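These notes concern the structure reproduced below.
If you're wondering where the values come from, they're calculated on a predicted model, not measured in any experiment. The basis for the numbers below is simple: all heavy atoms, side chains too, and nothing from hydrogens, waters or symmetry mates. Residue numbers count from 1 along this sequence.
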Amino acid sequence: MQISEHPALDKKFNKEVTFYFNSQQLKAKKGQTVAAALMANSIRKLGVSRKLFKARGLYCANGRCTSCFMTINGLDHVLSCNTLVEEGMEVYSNDSDPDVRGESNGN
């Protein structure tokens, strides 16, 4: 569900981009956030909670609740509700804590 016609929408919001969610190719509108693009593609589960491993999704949509953390282009714990989708972007569910002490971080 998304608004396709509205006087405030400019033609630039009608351009489509391709991005990947968990290696699955999806389409989005240029100017959408990652969370909005996933919702438009009927994807509601963005990851799992750290303690109870319950499904997490979009909650506040303005970056305060941190429920929409995802791995975007290799960066762990990025707020998907504040990140604009880009052509070729790779997005993965946030199913665990980041490896901050691993070799990929110089430790």
Side-chain angles (χ1 to χ4, degrees):
M1 176 175 115
Q2 67 185 37
I3 298 171
S4 58
E5 301 244 352
H6 191 278
L9 293 178
D10 192 8
K11 292 188 188 286
K12 69 180 180 180
F13 294 111
N14 291 326
K15 292 174 115 176
E16 279 195 347
V17 295
T18 301
F19 74 107
Y20 300 89
F21 174 67
N22 292 338
S23 301
Q24 175 187 1
Q25 183 177 339
L26 300 173
K27 297 282 185 188
K29 301 286 186 185
K30 185 174 177 133
Q32 276 185 320
T33 64
V34 172
L38 291 170
M39 298 288 281
N41 281 283
S42 300
I43 296 172
R44 307 286 186 258
K45 182 180 175 184
L46 306 181
V48 294
S49 64
R50 295 172 62 184
K51 185 174 181 181
L52 300 176
F53 300 102
K54 300 287 185 182
R56 295 186 77 149
L58 188 62
Y59 182 69
C60 73
N62 66 12
R64 293 191 54 115
C65 74
T66 67
S67 185
C68 67
F69 274 151
M70 303 191 85
T71 300
I72 299 178
N73 288 338
L75 295 173
D76 289 330
H77 284 65
V78 177
L79 290 169
S80 63
C81 68
N82 287 339
T83 305
L84 296 180
V85 71
E86 297 173 357
E87 183 69 38
M89 181 178 271
E90 293 184 18
V91 180
Y92 292 95
S93 297
N94 200 21
D95 295 330
S96 64
D97 288 338
D99 183 20
V100 295
R101 300 191 191 278
E103 285 188 32
S104 63
N105 294 309
N107 295 321

Evaluate the side-chain proximity of [Y] to [X]: yes if any heavy-atom separation is below 4.5 Å, no if none is.
X: L46; Y: N94; result: no
X: S93; Y: F21; result: yes
X: Y20; Y: L26; result: no
X: I72; Y: E90; result: no
X: V17; Y: K30; result: yes
X: M89; Y: T83; result: yes
X: T33; Y: L84; result: yes

Applying a strict under-4.5 Å side-chain criterion to I, L, V, M, F, W and Y, I'd like to know whether [X] and [Y] cluster together.
X: V34; Y: F69; value: no
X: V78; Y: I43; value: yes
X: L75; Y: V91; value: yes

Practice task
Ignoring hydrogens and angles, state whether a donor on the side chain of K27 or T18 is under 3.5 Å from an acceptor on the partner side chain.
Solution key: yes
Handout entry: Separation of N41 CG from Q32 CD (nearest 0.5 Å)
Key =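 Reported to 0.5 Å precision, the distance equals 8.0 Å.
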Practice task
Starting at CZ of R56, measure out to SG of C65 and round the result to the nearest 0.5 Å.
Solution key: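 Here the interatomic distance stands at 7.0 Å.
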Exercise for the section: Could you please spell out the steps behind the side-chain contact (heavy atoms from CB on, under 4.5 Å) verdict for F19 and N73? Expected result: CA-CA 11 Å; F19 74 107; N73 288 338; over 6 Å; no
Which heavy atom in [X] sits nearest to a heavy atom in [Y], and how many Å separate them?
X: Y92; Y: N22; answer: CA-OD1, 3.2 Å
X: S80; Y: C68; answer: OG-O, 2.9 Å
X: C81; Y: G63; answer: SG-N, 3.2 Å

Practice task
Taking R44 for its side chain and M39 for its backbone only, find out whether a donor-acceptor pair lies under 3.5 Å.
Solution key: yes
